[in-house]
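I have placed the structure first, in the form of structure tokens, so that the comments after it can refer back to it.
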Amino acid sequence: MIKVGKLAPEFRVEALVGTEFKDVALRDYKGKWVVLYFYPLDFTFICPTEITEFNDRYEEFTKLKAEVLGCSTDSVHSHKAWMQQLGGLKYPLLSDNTHEVSRSYDVLIEEKGIALRGVFIIDSDGMLRYAAVHDLSVGRSVDEVLRVLNGLQSGQLCPVGWKPGQKTLGQA
């Protein structure tokens with residue numbers, strides 16, 4: 001079972017990177033923080049709002065030395081067809097059509113063969129530092145993912161409602 005504070009499950013899958021199909025592995029990002037998020041399916045209603053928001057805010061993640069990876073159980077061919085409608089992405093979309101990655105991150109709805117909406121922050125040493133999983137019907141907040149990433153990277157105690165630039169607990 002996946003646990004915060006333990007090594008994140010390793011994976012190697014085919015991904016759509018720009019307009020090309022490439023193999024992507026978690027170990028490729030050693031030394032960088034990774035924001036890995038799961039979504040149920042391409043060509044759905046909520047998913048494009050999340051995918052484009054992560055894309056629009058991609059530079060905010062890279063300023064924090066973090067890479068974004070999106071993942072669903074769709075094929076890379078489905079990802080490519082969908083991206084032709086949505087426009088290009090600045091980060092890879094992983095194809096988990098074997099369900100191994102979503103199963104190892106404990107977000108797979110087995111009977112439907114799709115992933116719940118999960119987001120995981122993995123530090124530069126491969127340790128899982130944050131995990132949030134919720135129902136299919138509500139999109140996640142990219143603001144909250146960035147807030148948590150900033151807080152984790154600060155190394156400080158960050159109270160409820162803390163935002164980057166504000167004092168943390170213990171700061172004078």
Side-chain angles (χ1 to χ4, degrees), residues 1-17 21-30 32-58 61 64 66-83 86 89-153:
M1 187 170 169
I2 188 169
K3 289 190 178 197
V4 171
K6 302 290 183 186
L7 283 175
E10 183 57 55
F11 58 80
R12 175 172 291 285
V13 294
E14 194 173 19
L16 178 66
V17 182
F21 301 145
K22 295 183 178 179
D23 281 349
V24 171
L26 181 57
R27 71 177 61 97
D28 297 340
Y29 298 93
K30 186 138 177 81
K32 291 186 178 186
W33 288 67
V34 172
V35 174
L36 171 64
Y37 75 90
F38 292 85
Y39 65 96
L41 291 167
D42 296 339
F43 298 100
T44 57
F45 299 104
I46 296 171
C47 298
T49 65
E50 295 179 315
I51 290 169
T52 56
E53 183 71 8
F54 274 105
N55 195 57
D56 291 346
R57 312 272 308 268
Y58 180 73
F61 289 99
L64 295 169
E67 290 295 328
V68 175
L69 302 174
C71 185
S72 81
T73 56
D74 290 300
S75 72
V76 289
H77 301 286
S78 179
H79 289 340
K80 189 169 188 171
W82 199 34
M83 286 307 106
L86 290 180
L89 283 185
K90 299 170 186 171
Y91 60 88
L93 279 185
L94 311 181
S95 172
D96 182 30
N97 54 3
T98 66
H99 304 166
E100 290 176 30
V101 182
S102 48
R103 189 174 289 118
S104 70
Y105 280 82
D106 203 22
V107 296
L108 183 65
I109 302 172
E110 291 281 350
E111 63 277 7
K112 292 184 178 181
I114 60 173
L116 290 163
R117 295 187 191 286
V119 63
F120 301 88
I121 298 176
I122 302 161
D123 72 15
S124 57
D125 294 320
M127 297 295 290
L128 181 64
R129 301 287 304 277
Y130 175 80
V133 179
H134 57 92
D135 191 76
L136 301 176
S137 63
V138 179
R140 75 206 89 212
S141 168
V142 175
D143 285 333
E144 177 63 4
V145 176
L146 281 161
R147 185 189 80 82
V148 171
L149 178 62
N150 271 282
L152 289 169
Q153 289 183 349

Could you give the side-chain donor-acceptor pairs of residues 128-135 under 3.5 Å, partners two or more places apart or in another chain?
{"from": "H134", "atom 1": "ND1", "to": "V138", "atom 2": "O", "distance (Å)": "3.2"}
{"from": "D135", "atom 1": "OD2", "to": "S137", "atom 2": "N", "distance (Å)": "3.0"}
{"from": "D135", "atom 1": "OD2", "to": "S137", "atom 2": "OG", "distance (Å)": "2.8"}

Less than 3.5 Å apart, which donor and acceptor atoms pair up between the side chains of residues 40-49 and the rest of the protein, not counting sequence neighbours?
{"from": "D42", "atom 1": "OD1", "to": "Y39", "atom 2": "OH", "distance (Å)": "2.6"}
{"from": "D42", "atom 1": "OD1", "to": "H79", "atom 2": "ND1", "distance (Å)": "3.2"}
{"from": "D42", "atom 1": "OD2", "to": "S78", "atom 2": "OG", "distance (Å)": "3.1"}
{"from": "D42", "atom 1": "OD2", "to": "H79", "atom 2": "N", "distance (Å)": "3.2"}
{"from": "D42", "atom 1": "OD2", "to": "H79", "atom 2": "ND1", "distance (Å)": "2.7"}
{"from": "T44", "atom 1": "OG1", "to": "L41", "atom 2": "O", "distance (Å)": "2.9"}
{"from": "T49", "atom 1": "OG1", "to": "I46", "atom 2": "O", "distance (Å)": "2.5"}

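Residues D23 and E14 are in side-chain contact: their nearest non-hydrogen atoms beyond the backbone lie under 4.5 Å apart. Between L26 and V34 the shortest side-chain heavy-atom distance falls below 4.5 Å. The side-chain heavy atoms of Y29 and I122, taken from C-beta on, include no pair separated by under 4.5 Å. Side-chain contact between S72 and I114 is absent, with no heavy atoms from C-beta onward closer than 4.5 Å. With a 4.5 Å cut-off on side-chain heavy atoms, F11 and S104 do not count as touching. Side-chain contact between V17 and V24: present, with at least one pair of heavy atoms (C-beta onward) separated by less than 4.5 Å.
Remark: R103 pairs with H99, L108, E110 by the side chain to side chain contact (heavy atoms under 4.5 Å, CB included) rule, at least two apart or across chains. Residues passing the salt bridge (charged side-chain N to carboxylate O under 4.0 Å, His left out) test with E144 are R147, sequence neighbours excluded. With sequence neighbours excluded, the residues that form a salt bridge (charged side-chain N to carboxylate O under 4.0 Å, His left out) with E50 are R117, R140.
Side chains of E53 and Y58: no donor on one and acceptor on the other come within 3.5 Å.
The two atoms that bring G113 and T73 nearest to each other are O-OG1, 2.9 Å, heavy atoms only. Nearest heavy-atom pair, L93 versus M83, reported as atom, atom and distance to 0.1 Å: CD1-CE, 3.8 Å. Residue V68 comes nearest to Y91 through the heavy atom pair O-CB, 3.1 Å, listed as atom of the first residue, atom of the second, then distance. Shortest non-hydrogen contact noted between D74 and S95 is O-OG, 2.7 Å.
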Audit row: K6, K3, side-chain contact (heavy atoms from CB on, under 4.5 Å) steps and yes/no
CA-CA 6 Å; K6 302 290 183 186; K3 289 190 178 197; 3.8 Å; yes

As a quick check of understanding, evaluate side-chain contact (heavy atoms from CB on, under 4.5 Å) for V119 and L36, giving each step before the final call.
CA-CA 6 Å; V119 63; L36 171 64; over 6 Å; no

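Atom CZ of F61 is separated from atom CH2 of W33 by 13.0 Å, given to the nearest 0.5 angstrom. Separation of atoms CZ (F38) and OG (S102) is listed at 6.0 Å; rounding is to 0.5 Å. Here the straight-line distance linking atom CD1 of I109 with atom CG of L116 works out to 4.0 Å at 0.5 Å rounding. Rounding to the nearest 0.5 Å places CG of D123 at 8.5 Å from NZ of K30. Distance check, rounded to the nearest 0.5 Å: CD1 of I51 to CG of D56 gives 12.0 Å. Annotation: the span from L16 atom CG to W82 atom CH2 amounts to 11.5 Å, rounded to 0.5 Å.
Listed by first and then second residue, the salt bridge (Lys or Arg N to Asp or Glu O under 4.0 Å) pairs involving residues 90-99 are E59-K90 (not counting sequence neighbours).
Taking the six-membered ring where the residue is Trp, the centroids of Y37 and F120 are separated by 6.0 Å or more.
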